[in-house]
Amino acid sequence: MPGVASDSGGGASDSGGGALVPFNPEAQVAVVYPLHHGLKPPVSRLSISWSRGNTLRVSVFCPEPSVDDSGDEPGGKVVEVRLGGGGGEISDAHWRRIAYGSVIPFALLQSKKNAALTLSKMSMNSSPYNVDWLEYVIEYSKDINLLLGNPKLPPSPAIDDPKSVLKKGEEPTSLKAAWELLEIFYADKLSQVWLPERLVDWLADYDCLLSVSHSTVHSKLLSFQGELVRLQIVEDYPKYWEVMSSALAVGWLEIVVKMLRLHGSYQLDQLSNRETENGLVEAVAVLISKMPRMRPELESGKLGECFKTKPDFMKAWEKWRAQLNKLELSAFWFQCSHQQTREGLRNMLQIMLGNANSLSTATFNWIELYISHLLYIRPFTMGLESLYSLAQKCIQLKPMAGAHSLMGLIIGILGENSEVVLAECSRGFGPWMVAHAIELLTAGSDHAEVLLHQECLNLGGISLEELHRLVYAQVLSSHALTWQIAPIYLTSCMKQGMGLLEILLSKQPVQHNHLLLKNIEICRLYDLDSISSSIMKISGVYHWKHGRKDSGVFWLQQARDEVQLNRIAQQLFDSVGKTISDESFKQWEGLIQLLGSESKTAGGLEFLHKYRDFKKSLQQVCDGKTTDAARQAVESLISLMKNPSTPQRFWLPLLHDSLKLLNWQERPLLNVSQTNLLLNKLQELSLARLRPDFIEADLPPEGLSSIRLALATNLGRAFLEE
Amino acid sequence: MAIIGTQESPQVYRLPQYRYVDAVRWLPPVSAFDRFAVVAYYDTDAGSPSVEIHALNPNPSPTLTPQSSWTPPSRISSLRTCPTPLSPILAASTFLGSLHILACNSANGAVIESEASVAELGFHAGPVASVDLRDGGSECVSVGEDGRVNLVSIVGNSSNLNYRRVFDGNGLVGYTAVKWASPTEFVTGCYGFGIHWWDQRKPGGPVTQFKGNWSQGKTSGIIHSVDIHPSRKHTCLAGGSSGVAFAWDLRTPQQPIVLSGIETGGAAIHSLSESEVWEVQYDCYARSSNISNISSSRILPVMMCSEDGILAVVEQGEEPIELMAEPCAVNSFDIDRQNPSDVICSLEWESIAILARP
Amino acid sequence: MEKPVATLERGTTCSSWNYCGERLAAGSDDGSVSVFDSREPSSSSLTSSSKFKVHETGIVKIVWIPPEYGDAIACICADGALSIWEEVVEDVGTQLLQWKKCKCFKSSSSKALDVQFGVMGRSLKMVTACSDGHVKVYELMDPLELKNWQLQAEFQNVIDSVSSFRKASCLSACVSWNPQKGENQESSFVVGFNSNTPQLNSSKVWEFDPAHQRWLPVAELASADDKGDQVYSVTWAPNIGRPFELIAVASQKGIAIWHLGITPDLDGRLSVEKVALLSGHGGEVWQMEWDMSGMTLATTGSDGMVRLWQSNLNGVWHEQAAFEPTP
């Protein structure tokens, strides 16, 4: 549900009682946020209004000022609260960039999914989730991953500065760390054989994020690096050895080897009298760099020996362990006079030999401990087997208060509890994460698929997947720059997406053409004709009433709103009627021309057009043009009077305008039937006058009688002529 | 649709800006080595607009470095640049209805040196829709949907600009685009695919009018952009709704030459896009570089950008060449007059694209 | 998290946003209205663009008229007068915008307590709820002018149309239209009263019966023992595809969430079910608003808090978050 969710509720409880977001039913109190308005208390009243999406506007009113009040305080404030999107470690502008960037991967995956579904229906294949399918998902995951930041440089030793053990890369984000976790477990099914190593890499990249709330190997390393510059004989400092053991425990071999080489025994002037010592240091360094690792490849600069298959790896592992044991039992230790070196190195050997106590001392939180167990105690773990129980054991050994959102996520994943994974994604990373992570979850877990695709009556018949897309679309709708991409997500919602899209579109402002046209374009793309015409109608009325007659008529025409156009035609008629002899008629003419002659779109405007033609020819008659012009004027008059769209109230003014035609000197211009038509209209008018809603025409007092007289005369003359 | 391109495809560089780009133009060169672009931004988070000059560093891939910035009273609705003998000047109009002339200092890079504005009530009622600077930069024409056409004379670097109302349509006609044709003539675009041709020697109203009345009014639209080629002053190029780009030759005023969009008969020809064409410009980077070789009745190549993310070159009677197809709208573009191979575009998703054509 | 959007003048008592949230009308105790907006697109910082005097008494409530009919507002004043104002350019030459009074409804016998507009097909309807317990439905006669209103129906908020209460005295009332504008959907609204007449109080859903051109009560949103409860506020949720309607009703017992069936039974009644009774504000509930998806309900009340309510996956309604105004 729209967003507020992100940090309400009481932590990562189990299934959260069915809530989307962990919500503790016992704790009936919702989180109370302060709403800063900057007014002097007290406040007399509040007023609320939802804007687009998740934006809530609150008007805060002050009570009536007392008499002695100075009066320069404002009487109230309106504040806007955007609920649930973004926030946290990522700025709004960056969130928008992520939102833009995820549109194409998401849309692409949906279209492939639809194609695969159609195909599977055709071939009677039960599941569309075949190998190709997984390829699409991993492609999607990689695209999104790339969007969340550049590949982070691993904390590998820098070549230039021997004393800089941690390399500074781009600041990693928890969002990217979380996405990679999901990718490792759900999308990248094919490389699950190497799962432990992938987790080692993951921790190497993101251990620093955990430092925010807890001490970590990374934070220890970082603080030691600060000291390192000032240290003369590093091996004398216990911290040197502690830090190296820690780094070794979590598998950061490069760092350890680089630090070992800072050992004083390597210095040329000391090499001779510390030969044995140096030999031991080097032996450990070599063993570390030869550690067998079960993974497809190692990036350059990374240490260890790479094995792709389990049998090879096991063989190499046994051999390496034997070498460690041999060194551990070696007699050279007694010849090593430097106590710290001796103890430090032997502790490192214990770590590599999987001594649980050493591992526990060397690591600072359960994830680090967990990784160290995977590396040195259970190197042959494959897939998800027993990973969860191991995690639980590590949590027991290193319990921690106030878990980092990433830790909650890992527990959820390892426990194969999709509800928790969703809840953690929502709590820690918001609606964007949930809407996009669902694609990975449904592809990677049958349980999640059932959970997310099941239609839920309590949600009004939609699935969780749809719900989360709707929620994300609401977040997008809240911002003026991102609402345009909400339709991509809404149209992927089978049941309620279009409903929300229609509301979203009809809540967009229409004053500025640029935005309006973008709005209409979306209507066009999704065949929302009725919304489109309603928007155009709103715009038309807006412009018309705000003095921009041209744009007003244009938009009403586009909306094919004949009711309004007819009314406008009437208003125009009045104006045109008033100003016909003026110069400004020219201007009106342009507008009438815009109104067009097409009866379909213009409705009663057809009348206005004829009226314009009539006035034009009448003008020519007045200018002393020929009888031809007069005949044309009569034609226009008759067609106007015949036309049912000519409003009754204009009949008399029209006839009055035509007096000159009716009294044409040379010969009668109207024949008998034409004159009769006009007389009938006069008759109709006198009947209509009895009705209450009749509007009296604005004519000179003798107007009606002169029309009658002219018509009668014309009838007589026409009879004679015929 | 199939795009038959004989040319190599251009290099496209997308530069995220984290702010909405309201308008973008190349700045006429201030020195032989530097290249600058003018960008009108709107920062939605801070609610602040700005006009900034950025230096373009082409290597290894283009980057923009801000040089100087000016804060307008509101968002920019239209932006034009123009070289003058001294230094390039910019004309920027706002949604508040004001016009601003900015002069750049050519001595130290490109720094906005002075600003003069017409901001009085009644200059325009509502936003200024479009502005254009006359060659040489001594005069600027502005139009709006209020139907007003104003001429602003720019004398030196005076902080006081004078304007004169050429026409007031009183809202009975609204203008959406404007472009100078000669020192005394200009064209304006309006609703219903209308074009008005103005000549200052014949004041009082437009000299000639065109109304795009194709397909019996079923599709009508708004002109968003007009352009005139210096060597073909009798032909006006226009782009607008429904993917329409057409040329209107004063010598045959009844027959527009449709380059893209809906043909008079209703059948679409070379329709690159069905959505709004936001900008059109003559593309001076033609393969047959010598324009004088092209018959004067033939329309020169035209570049256009659209709401559905297309940037393309269309040529009369030939298949269009799509230069770029973005997932979001291309809101405006500008071809560098000095290096016509280079195009700068503003994209809907808060970014700028720079195209280098081979 | 919060961002100031506008600063209101002293004496401001109420405010209302237009359909797209770009303009704000604020009413004051001296009877004037200020309209806040921004002239550039997508700006969220608003300034007062016009101020005009509506009435001699203070303004209690402002409601924007649907945008299809222009930029216009209806104002209810402390003395119960209801007036309609719209923004227009009268003189095309100057293009000067001004707010013009279109219509004023004033009655010596009753006050207007609430007004809401609904678009029904091609026509605009206005429903007012008055202090004498009457509900009046008006229709706009001319789509381009907001001055010509015709009274179409007048009734009291009771299921049994025979009974009539002459001495009803209502403190407040609340009307809410079904927000759906579907072509083939009959118009309906819900209205509840806060009065001394128990029969009038409970919220009832009224639907237009086109066959007989009249408004009929099709549902009553109250349990048997709550029927006389005074209603502070009602609001009908947007429906983007649920198989039922959702209406929130606030009374002194709390905020009740009702499901309203979509298909009528043989008597033309709609099924109702109270799915939740939420307490939080303690005393009076001032205002309730559904978000655009109809999933979150925001409320304010006499405890001075803003509260947000949602249903969870099990269909259980709960308070999701609350906001406490702080200096």
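Just so we're clear, the structure is a prediction, and the values are computed from it rather than from any experiment. Both backbone and side-chain heavy atoms feed into the values below; hydrogens, waters and symmetry mates do not. Lettering follows sequence order; numbering is per chain, from 1.
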Looking only at atom types and distance, does a side-chain atom of A:Arg57 sit under 3.5 Å from a main-chain N or O of C:Gly21, one as donor and one as acceptor?
->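 It does hold such a pair.
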
Heavy-atom cut-off 4.5 Å, strictly under: side chain, backbone, both or neither for [X] against chain C?
X        : result
A:Gln508 : backbone
A:Ile48  : both
A:Leu500 : both
A:His37  : both
A:Leu515 : side chain
A:Ser530 : neither

Side chain from CB out, backbone as N, CA, C, O: work out which of these in [X] comes under 4.5 Å of a heavy atom of chain A, or both, or neither.
X        : result
C:Leu97  : side chain
C:Ser302 : neither
C:Arg307 : neither
C:Thr299 : backbone

C:Tyr69 six-ring face occupied by A:Lys537 cation (under 6.0 Å, within 45°) |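 Yes, cation above the ring, under 6.0 Å and within 45°.
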
Working for side chain to side chain contact (heavy atoms under 4.5 Å, CB included), residues A:Val78 and C:Trp17 = CA-CA 11 Å; A:Val78 185; C:Trp17 288 92; 3.7 Å; yes

With sequence neighbours left out, what residues match C:Arg23 under salt bridge (charged side-chain N to carboxylate O under 4.0 Å, His left out)?
->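 By the salt bridge (charged side-chain N to carboxylate O under 4.0 Å, His left out) rule, C:Arg23 matches C:Asp37, C:Asp71, C:Glu87.
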
Output the option from [options] having the highest count of non-hydrogen pairs under 4.5 Å with chain A.
options                     : answer
C:Glu40, C:Arg122, C:Met288 : C:Arg122
C:Glu90, C:Glu324, C:Arg242 : C:Glu324
C:Gly280, C:Ser42, C:Ser15  : C:Ser15
C:Trp286, C:Tyr19, C:Trp290 : C:Trp286
C:Gly315, C:Pro4, C:Pro67   : C:Pro67

Validation row: C:Glu2, A:Val58 side chains within 4.5 angstrom (heavy atoms) =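 They are not in side-chain contact.
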
Any C:Met292 side-chain heavy atom under 4.5 Å of A:Trp50 side chain =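 In short, these two side chains do not touch, never coming nearer than 4.5 Å.
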
Calculate, to the nearest 0.5 Å, the distance between atoms OG1 and CG belonging to C:Thr296 and A:Leu56 respectively.
->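 Reported value, rounded in 0.5 Å steps: 10.0 Å.
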
Is there a side chain to side chain contact (heavy atoms under 4.5 Å, CB included) between C:Val88 and A:His546 once you walk through the steps?
-> CA-CA 5 Å; C:Val88 281; A:His546 284 74; over 6 Å; no

